[in-house]
A.B. asks: 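Pasting in a structure now, in structure tokens, and then I'll have a few things to ask.
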Number of protein chains: 2
Amino acid sequence: MEFKQARIFVAVAEELHFGRAAERLHMAQPALSAQIKHLEAELGLKLFERTTRRVSLTRAGEAFLPEAKAAIAQAEAAVAAARAMAGEHDLLKIGGVDSATAGLLPRIVRRFRNRNSAVELKIFELLSAPALHDLANRSLDIGFVRIRPKQDHLASAFVFTEPVVAVLPSDHALAGEKAVAASELGGEPLVIPSRSHRPILFDVIHDYLRGHGVEPNIRQEANERHMIISMVAAGLGISLVPEWVSQFKRDDVVYLPLADGGPSVDVHIAWRQNDPMDVVHEFVRCVLEPD
Amino acid sequence: MEFKQARIFVAVAEELHFGRAAERLHMAQPALSAQIKHLEAELGLKLFERTTRRVSLTRAGEAFLPEAKAAIAQAEAAVAAARAMAGEHDLLKIGGVDSATAGLLPRIVRRFRNRNSAVELKIFELLSAPALHDLANRSLDIGFVRIRPKQDHLASAFVFTEPVVAVLPSDHALAGEKAVAASELGGEPLVIPSRSHRPILFDVIHDYLRGHGVEPNIRQEANERHMIISMVAAGLGISLVPEWVSQFKRDDVVYLPLADGGPSVDVHIAWRQNDPMDVVHEFVRCVLEPD
DNA sequence: AATCAATTATAAATATTATTGATGGCCGTC
DNA sequence: GACGGCCATCAATAATATTTATAATTGATT
């Protein structure tokens, strides 16, 4: 018997339903059926009496259930014992762009902690490229990035997209509007990060403005979010930022949506495809599951 | 953690030697190394301190060892509980040609029982073709056959070969010789099984005689071994039989080796390639191991 | 030091096993 | 007796494990 089969058996025994057990284990139902079948074949007996309408434990299955649970518990105790002796505990290193770390993560972290309290999380704020580099290095276990990794040992999945919004000084002529259009920004001096620092955002802003016939007029490059906002507040110019930045409310700036189908930037989660740490995959599921 | 990995870990921990542990588990050493590596990666710690000269447990490994053993024991207890409740016990159905069942098996069975006392063995005497058929049917778990199966879900391995010897009435002119040659058998009346009953032996005898320029002179067909021997004893003719038959000593017949490179017949063991019953594979190993 | 024998690690190829998505067919209910 | 839910089966694919051959390392020995 393999540990995996024991877990599958227990799930089915508790749900008395192959489909729900499969869902609980995040696997497809035929895979689960096959494993139960293998287990029964190895034991040389039936564990479940099943029709398409009813699943019930056989007497052998009933005898097996508590023992199988004990085996699982003992296996987990073994893992815990080794970790305790090594003074190790699960540590998940998470990093990525500010949209994710500042905007999304607090909610996700709360959800994850509820299910998995023994795991320590460390969060780093990183740009996409270094985040992917650190993932490959194993300096990071989970990365939130704007660009999907091309390395084939890194897996990734789309998480969310968010619109880009304009930031203006409160005393700007357009500050009272509900929204602004690219055409209205013509000639406005811009305060944005350098291309080398935020290639995706930089390109997205350029493409958007040029696509609407406006030549970007970059007054000032600034890489730090707060520096950009401060500069806008000081009247050096306006900026275009991902929507989450508008969490930072200040009296002296306003955030306005872009009226004419402004651009969006995406966030993807990336991790090492076959990371042996189970918590990595659990965290990924936690992020991807619908709300 | 998988139980397979736990078993591998325990073997290495007890042997403190990857190569010997691999041998004990009947697997290749790199496979074992890889599994230990995976386990360590999943735990996020080293279980063994190892150089090419010395293997020792880390402190984590020491803590892990008794717990891992307990997990394995608990898993086995679970299996036992299910089997006990189902009133099932391992039953190995073994069948095959008489050379194997009468000649080889007694020794093998003794060896197997020593290691695996809880398994009941049932032994059937069958010809090769029905044995293979029953294997496919699951009416049989292990088959000893003269012809290797072609079905690709049946695995097989060579077990032994034995020479064919001549059986003559004690009062035959050649009965005093140390050995007989094909040429001396020219014209002798033969008592042998029909081709349909023992195709391999039949063909081997024909090929041997014709290969030495002797045309077989079949006096009588008889399928049962004892019938053949009795007929030879009664002076109806001579016969050619696999050597093991000479176990049946009688005053009125003599067994003589064939002088001129007489033919041999082989025995192979066959089983279902991926039989889920562990004891099947253990039995096979028991048969194939040297000695 | 340099060599040697023993032993684990690595690599590439292969074999095995698990998983998935699509679908069939059974069972109980309406 | 048709219907809907649900497990089994199938074929294709993906993932994983295993093997053989070989490299690289270690510690003892010359």
Side-chain angles (χ1 to χ4, degrees), chain A residues 1-9 11-13 15-42 46-58 61 152-155 271-276 278 280-281 284-285, chain B residues 1-9 11-13 15-42 46-58 61 152-157 271-278 280-281 285:
Chain A
M1 176 184 57
E2 286 307 319
F3 185 71
K4 192 190 310 187
Q5 296 174 325
R7 279 207 323 251
I8 289 173
F9 166 78
V12 176
E15 300 283 348
L16 290 178
H17 189 294
F18 280 56
R20 278 197 296 278
E23 202 177 337
R24 173 164 144 188
L25 297 171
H26 308 288
M27 64 194 293
Q29 170 263 319
L32 181 145
S33 289
Q35 286 305 318
I36 292 288
K37 201 169 142 188
H38 286 163
L39 181 55
E40 288 180 330
E42 186 188 327
K46 279 241 163 303
L47 291 166
F48 297 102
E49 215 59 74
R50 48 200 186 271
T51 71
T52 60
R53 281 317 252 189
R54 241 168 25 83
V55 175
S56 62
L57 283 163
T58 60
D152 64 355
H153 62 285
L154 295 185
W271 66 97
R272 285 181 297 278
Q273 174 117 40
N274 291 324
D275 197 308
D278 293 337
V280 167
H281 304 283
V284 171
R285 277 201 298 272
Chain B
M1 174 186 59
E2 288 303 323
F3 285 124
K4 190 192 308 189
Q5 296 173 326
R7 278 181 230 114
I8 289 172
F9 166 78
V12 176
E15 300 283 349
L16 291 177
H17 189 295
F18 281 57
R20 277 197 296 277
E23 201 176 337
R24 173 164 143 187
L25 297 172
H26 308 287
M27 65 193 294
Q29 167 265 318
L32 181 145
S33 289
Q35 288 304 321
I36 292 289
K37 201 168 141 188
H38 287 164
L39 182 54
E40 289 180 329
E42 186 188 327
K46 278 242 162 303
L47 292 166
F48 296 103
E49 214 59 75
R50 48 199 187 271
T51 69
T52 59
R53 283 314 253 188
R54 242 164 28 86
V55 174
S56 63
L57 284 164
T58 60
D152 63 356
H153 62 285
L154 295 185
S156 67
W271 66 98
R272 287 180 297 277
Q273 173 120 42
N274 292 324
D275 197 308
M277 282 177 69
D278 292 337
V280 168
H281 305 283
R285 277 202 297 274

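Below, chains carry the letters A, B, ... as their sequence lines are ordered, and counting in each starts from 1. The analysis underlying the following values was restricted to heavy atoms, covering all of them including side chains, and did not include hydrogens, waters or symmetry mates.
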A.B. asks: Counting only side-chain nitrogens and oxygens, does Arg50(A) get under 4.0 Å of the OP1 or OP2 atom of dA8(D)?
C.D. replies: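 Answer is yes, contact under 4.0 Å.
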A.B. asks: Checking only heavy atoms, does the side chain of Thr52(A) share a donor-acceptor pair with the base of dC7(D) at less than 3.5 Å?
C.D. replies: no
A.B. asks: Starting at CE of Met27(B) and ending at P of dT8(C), how long is that distance when rounded to a whole Å?
C.D. replies: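 After rounding, the reported distance stands at 14 Å.
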A.B. asks: Starting from P on dT8(C), measure out to CZ on Arg54(B) and report it in whole angstrom.
C.D. replies: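 In whole Å, dT8(C) P lies 12 Å from Arg54(B) CZ.
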A.B. asks: Which comes earlier along DNA chain C counting from the 5' end, the contact point of Pro30(B) or that of His26(A), where each point is its nearest nucleotide?
C.D. replies: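 The 5'-side residue here is Pro30(B).
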A.B. asks: Picking from dT8(C), dT18(D), dC7(D), which would you name as closest to the side chain of Phe18(A)?
C.D. replies: dC7(D)
A.B. asks: Which residue lies toward the 5' end of DNA chain C, Ser33(B) or Lys4(A), if each is placed at its nearest nucleotide?
C.D. replies: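 By nearest-heavy-atom nucleotide position, the 5'-most residue is Ser33(B).
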A.B. asks: With a 4.0 Å cutoff (strictly under), does any side-chain N or O of Gln5(B) reach OP1 or OP2 of dA17(D)?
C.D. replies: no
A.B. asks: Tell me the interatomic distance from Ile36(B), atom CD1, to dT7(C), atom C1', rounded to whole angstroms.
C.D. replies: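 The distance from CD1 of Ile36(B) to C1' of dT7(C) comes to 15 Å, rounded to the nearest Å.
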A.B. asks: Below 4.0 angstrom from OP1 or OP2 of dG5(D), is there any side-chain N or O of His17(A)?
C.D. replies: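 No.
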A.B. asks: When the distance from CD of Glu23(B) to P of dT20(D) is rounded to whole Å, what number comes out?
C.D. replies: 13 Å
A.B. asks: Starting at CD of Glu49(A) and ending at C1' of dC6(D), how long is that distance when rounded to a whole Å?
C.D. replies: 16 Å
A.B. asks: Can you give me the closest heavy-atom contact between Leu16(B) and Ser56(B), atom names plus distance?
C.D. replies: CD2-CA, 4.1 Å
A.B. asks: Measure CG/Leu47(B) against P/dT8(C) and give the value in whole Å, please.
C.D. replies: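 Rounded to whole Å, this separation is 16 Å.
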A.B. asks: Classify the nucleic acid contact of Arg53(B) as base, sugar-phosphate or nothing, counting any heavy atom under 4.0 Å across all strands shown.
C.D. replies: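 Counting heavy atoms under 4.0 Å across all strands, the contact made by Arg53(B) includes a base.
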A.B. asks: With a 4.0 Å cutoff (strictly under), does any side-chain N or O of His38(B) reach OP1 or OP2 of dT16(D)?
C.D. replies: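 Indeed not, no polar side-chain atom of His38(B) lies that close.
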A.B. asks: Rounded at 0.5 Å granularity, tell me how far CD in Glu42(A) sits from CD in Gln5(A).
C.D. replies: 6.0 Å
A.B. asks: When you check the phosphate oxygens OP1 and OP2 of dT16(D), does a side-chain N or O of Asn274(A) lie under 4.0 Å from one of them?
C.D. replies: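 Yes, because at least one side-chain N or O of Asn274(A) sits under 4.0 Å from OP1 or OP2 of dT16(D).
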A.B. asks: Ignoring backbone atoms, test whether Thr51(B) places a side-chain nitrogen or oxygen under 4.0 Å from the OP1 or OP2 oxygen of dG27(D).
C.D. replies: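 So the side chain of Thr51(B) is within the cut-off, an N or O lying under 4.0 Å from OP1 or OP2 of dG27(D).
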A.B. asks: For the residue pair Phe9(A) and Phe48(A), categorise the inter-ring angle as parallel (less than 30°), tilted (30 to 60°) or perpendicular (more than 60°).
C.D. replies: tilted
A.B. asks: Report the distance from atom CD of Gln273(B) to atom C1' of dA15(C), rounded to the nearest whole Å.
C.D. replies: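 The answer, rounded to whole Å, is 9 Å.
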A.B. asks: Just checking Gln29(A): base, sugar-phosphate only, or nothing, at a heavy-atom cut-off of under 4.0 Å?
C.D. replies: base
A.B. asks: Starting at CG of Asp275(A) and ending at P of dA15(D), how long is that distance when rounded to a whole Å?
C.D. replies: 15 Å
A.B. asks: For atom CD of Glu15(A), decide whether the heavy atoms of other residues, nucleotides or ligands shown that lie under 6.0 angstrom number more than 12.
C.D. replies: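 Enclosed.
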A.B. asks: Show me the pairs that pass salt bridge (Lys or Arg N to Asp or Glu O under 4.0 Å) and involve residues 49-58 of chain A, at least two apart or across chains.
C.D. replies: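 Residue pairs passing salt bridge (Lys or Arg N to Asp or Glu O under 4.0 Å), neighbours aside: Glu40(A)-Arg50(A).
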